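Data first, discussion second: the structure below is written as structure tokens.
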Amino acid sequence: MAEKRDYYEALGLAKGASDDDIKKAYRKLAKEYHPDLNPDNKEAEAKFKEIGEAYEILSDLQKKSRYDQFGHAGVDPSYGGGAYSAGGFGFEDLGDIFENFFGGGFGFGGSTRTRNPNAPIKGSDIRVTLALDFMEAVKGCRKTVSISHLENCKECLGTGASKGTAPEKCSECGGTGQVKVTQRTPFGVVQTARACAICAGKGQVTKDPCKVCGGKARVRVTRKVEVNVPAGIDDGQSFIIRGEGDHGVNNGPAGDCVVTVNVRPDVLFERDGFDIWCEIPLTYAQATLGDEITVPTVDGKVSYTVPEGTQPGTVFRLRNKGVPYVNGRGRGEQYVRVSLEVPKNLSGKQKDALKAYDSLVSEKNYEKRKTFFERIKNVMNNK
């Protein structure tokens with residue numbers, strides 16, 4: 001049999017070309033050698049079939065992998081060896097064979113199932129990020145989100161064809177979007193269906209593409225949308241704007257827009273789930289004698305009575321002063337951690353007063369010091 005040309009060479013590409021490069025090269029050559037543009041040109045027809053076969057293999061991830069590893073023998077059973085050495089066909093083709101057996105196309109010259117190339121297809125979801133202040137995330141807010149998505153082209157009304165024209169039925173697949181492929185297997189000759197390489201499975205060919213969308217039927221549009229951010233949302237969490245994703249194909253529904261929030265840290269509060277933490281510095285006198293202090297919360301200031309003898313690191317709780325549960329009832333707690341601030345730059349009079357105070361205090365007034373020195377004494381006595 002005649003030796004086939006390398007598929008990459010047929011498309012004018014180097015081995016290992018990217019999917020985008022393969023697609024661009026195929027589209028360019030398919031348009032150049034299309035039979036409708038080259039009537040009665042056998043050379044163009046042969047070239048058209050060659051690049052169609054090359055694209056069918058290189059646009060399929062599994063087939064491309066086999067071809068890169070085994071060459072033509074990896075994708076064509078008539079070459080023998082390679083991926084087809086086990087019985088003359090690829091194990092990957094078993095799925096196609098059984099699909100024909102059990103799905104309405106029992107090979108051996110039988111019919112195969114075809115899909116509707118013009119069936120509605122839902123648009124893809126898109127993702128955007130939204131920066132929020134700490135309080136905006138806790139309380140919820142209304143924000144403006146900039147969305148960039150694909151919309152149906154208003155110039156061609158989503159057909160992809162220039163005004164006054166329309167896409168035509170693909171002459172290669174007859175408008176079905178699929179072509180039949182015959183394979184020799186241990187079970188006999190099996191006929192399967194593949195997406196048409198000429199129309200990319202669409203069943204239609206646009207000869208005069210729209211100048212605005214370039215024949216793609218959709219254009220990228222950026223617009224601003226007002227959204228309600230739910231109260232209680234946390235950093236890294238998302239909410240959905242329904243119907244604001246890419247527009248669908250063939251009148252299919254639009255996808256959704258998934259908004260992920262980035263919450264800026266706050267100077268006073270730290271969030272832990274639905275609970276909020278903050279730290280309050282106390283003076284020595286406040287911690288010793290107790291005091292009525294003002295505590296900041298996400299709802300404003302509240303009063304709290306610090307009990308006498310409060311130790312550094314003590315944590316007290318303010319019920320229901322945390323973050324609201326997202327789309328639910330109730331909220332978390334607020335926890336306040338007490339720290340003790342030691343005064344600096346004391347005057348002589350202040351130092352004298354402090355020394356006088358210290359002389360009036362004995363070890364029995366200090367629980368931790370008393371325990372600490374007792375442990376030291378026990379350790380020393382045991383040596």
Side-chain angles (χ1 to χ4, degrees), residues 120-158 212-214 216-280 294-304 315 317-337:
I121 302 174
K122 182 180 179 181
S124 300
D125 293 340
I126 64 172
R127 292 183 175 274
V128 299
T129 58
L130 178 63
L132 298 176
D133 290 332
F134 184 88
M135 294 302 293
E136 288 178 326
V138 171
K139 295 285 192 177
C141 60
R142 189 164 179 81
K143 300 288 283 187
T144 299
V145 178
S146 181
I147 293 176
S148 176
H149 63 188
L150 293 174
E151 292 187 1
N152 292 329
C153 177
K154 295 181 180 179
E155 177 71 14
C156 65
L157 302 179
V212 175
C213 65
K216 296 180 179 179
R218 297 184 296 176
V219 293
R220 185 160 297 281
V221 176
T222 300
R223 67 191 195 91
K224 297 185 182 298
V225 178
E226 292 286 331
V227 297
N228 290 317
V229 179
I233 195 166
D234 202 356
D235 183 59
Q237 292 182 339
S238 303
F239 63 94
I240 295 176
I241 311 175
R242 300 291 181 188
E244 289 293 346
D246 290 341
H247 284 195
V249 178
N250 300 329
N251 294 318
D256 299 323
C257 177
V258 182
V259 183
T260 301
V261 302
N262 292 331
V263 182
R264 303 183 187 95
D266 191 79
V267 295
L268 287 178
F269 303 112
E270 183 179 341
R271 181 168 173 173
D272 181 16
F274 291 102
D275 295 330
I276 287 179
W277 286 75
C278 73
E279 184 171 300
I280 301 292
T294 299
V295 178
T297 74
V298 294
D299 297 322
K301 298 176 181 178
V302 299
S303 295
Y304 183 83
V315 175
R317 178 174 60 179
L318 301 177
R319 292 185 179 275
N320 299 319
K321 290 296 183 182
V323 180
Y325 299 138
V326 180
N327 300 323
R329 293 184 175 182
R331 58 194 301 180
E333 319 285 12
Q334 176 167 332
Y335 293 93
V336 181
R337 182 183 291 107

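Here the structure is a predicted model, which means the values were calculated and not measured.
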request  = Would you please say whether a donor-acceptor pair under 3.5 Å links the side chains of N152 and R218?
outcome  = no
request  = May I ask you to decide if the ring planes of F134 and F269 are parallel, tilted or perpendicular, using 30° and 60° as cut-offs?
outcome  = parallel
note = Closest non-hydrogen atoms of W277 and R337, given as atom of the first, atom of the second and distance, are CZ3-NH2, 3.2 Å
query = Ignoring hydrogens and geometry, is there a side-chain-to-backbone donor-acceptor pair from D275 to E333 under 3.5 Å?
reply = yes
Close side-chain approach of V295 and K321, heavy atoms under 4.5 Å = no
ask   = So, D256 side chain and G243 main chain: donor-acceptor pair closer than 3.5 Å or not?
value = yes
ask   = So Y304 and I280, side chain to side chain contact (heavy atoms under 4.5 Å, CB included) or not? Walk me through it.
value = CA-CA 11 Å; Y304 183 83; I280 301 292; over 6 Å; no
ask   = Do C153 and V219 have side-chain heavy atoms sitting under 4.5 Å apart?
value = yes
inquiry  = Which heavy atom of R127 sits nearest to which heavy atom of T260, and what is that distance?
reply    = NH1-OG1, 4.3 Å
key: More than 12 heavy atoms of other groups within 6.0 Å of R220 CZ   = yes
request  = Rounded to the nearest 0.5 Å, what's the gap from CG on N262 to CG on D235? Could you check?
outcome  = 5.5 Å
ask   = Does the pair D266 and V138 meet the rule for a side chain to side chain contact (heavy atoms under 4.5 Å, CB included), with working shown?
value = CA-CA 11 Å; D266 191 79; V138 171; over 6 Å; no
query = Which pair of non-hydrogen atoms, one from C257 and one from I147, has the smallest distance, and what is that distance?
reply = SG-CD1, 3.9 Å
query = R317 versus V315: any side-chain heavy-atom pair under 4.5 Å?
reply = no
key: Residue pair K143 / A131: nearest heavy atoms and the distance that separates them   = CE-O, 4.2 Å
query = Step by step, would you call R271 with V323 a side chain to side chain contact (heavy atoms under 4.5 Å, CB included)?
reply = CA-CA 8 Å; R271 181 168 173 173; V323 180; 3.6 Å; yes
Side chain E244, main chain I126, donor-acceptor under 3.5 Å = no
query = Less than 4.5 Å apart, any side-chain heavy atom of Q334 and any of C278?
reply = yes
Interatomic spacing from CG in D272 to OH in Y335 - rounded to 0.5 Å = 9.0 Å
message = I need the minimum non-hydrogen distance between L150 and D246, along with the two atoms involved.
response = N-OD1, 2.8 Å
task = Spell out, as yes or no, whether a donor-acceptor pair under 3.5 Å connects the side chain of N250 to the backbone of I121.
result = no
request  = Decide yes or no for R331 and V298: does some side-chain heavy atom of the first lie under 4.5 Å from some side-chain heavy atom of the second?
outcome  = yes
query = Is the number of heavy atoms from other residues, nucleotides or ligands under 6.0 Å of K139 NZ greater than 12?
reply = yes
query = To the nearest 0.5 Å, how far apart are CZ in R142 and CD in E226?
reply = 5.0 Å
request  = Take atom CD of E270 as the centre, draw a 6.0 Å sphere, and report whether it contains more than 12 heavy atoms from other residues, nucleotides or ligands.
outcome  = no
task = Using a 4.5 Å cut-off on heavy atoms from C-beta on, say whether the side chain of V326 contacts that of F274.
result = yes
ask   = What is the minimum heavy-atom distance between V302 and L318, and which atoms define it?
value = CG2-CD1, 4.0 Å
inquiry  = So does P120 get a backbone contact from the side chain of N251, meaning a donor-acceptor N/O pair under 3.5 Å?
reply    = no
key: From CA spacing to verdict: side chain to side chain contact (heavy atoms under 4.5 Å, CB included), V128, S146   = CA-CA 8 Å; V128 299; S146 181; over 6 Å; no
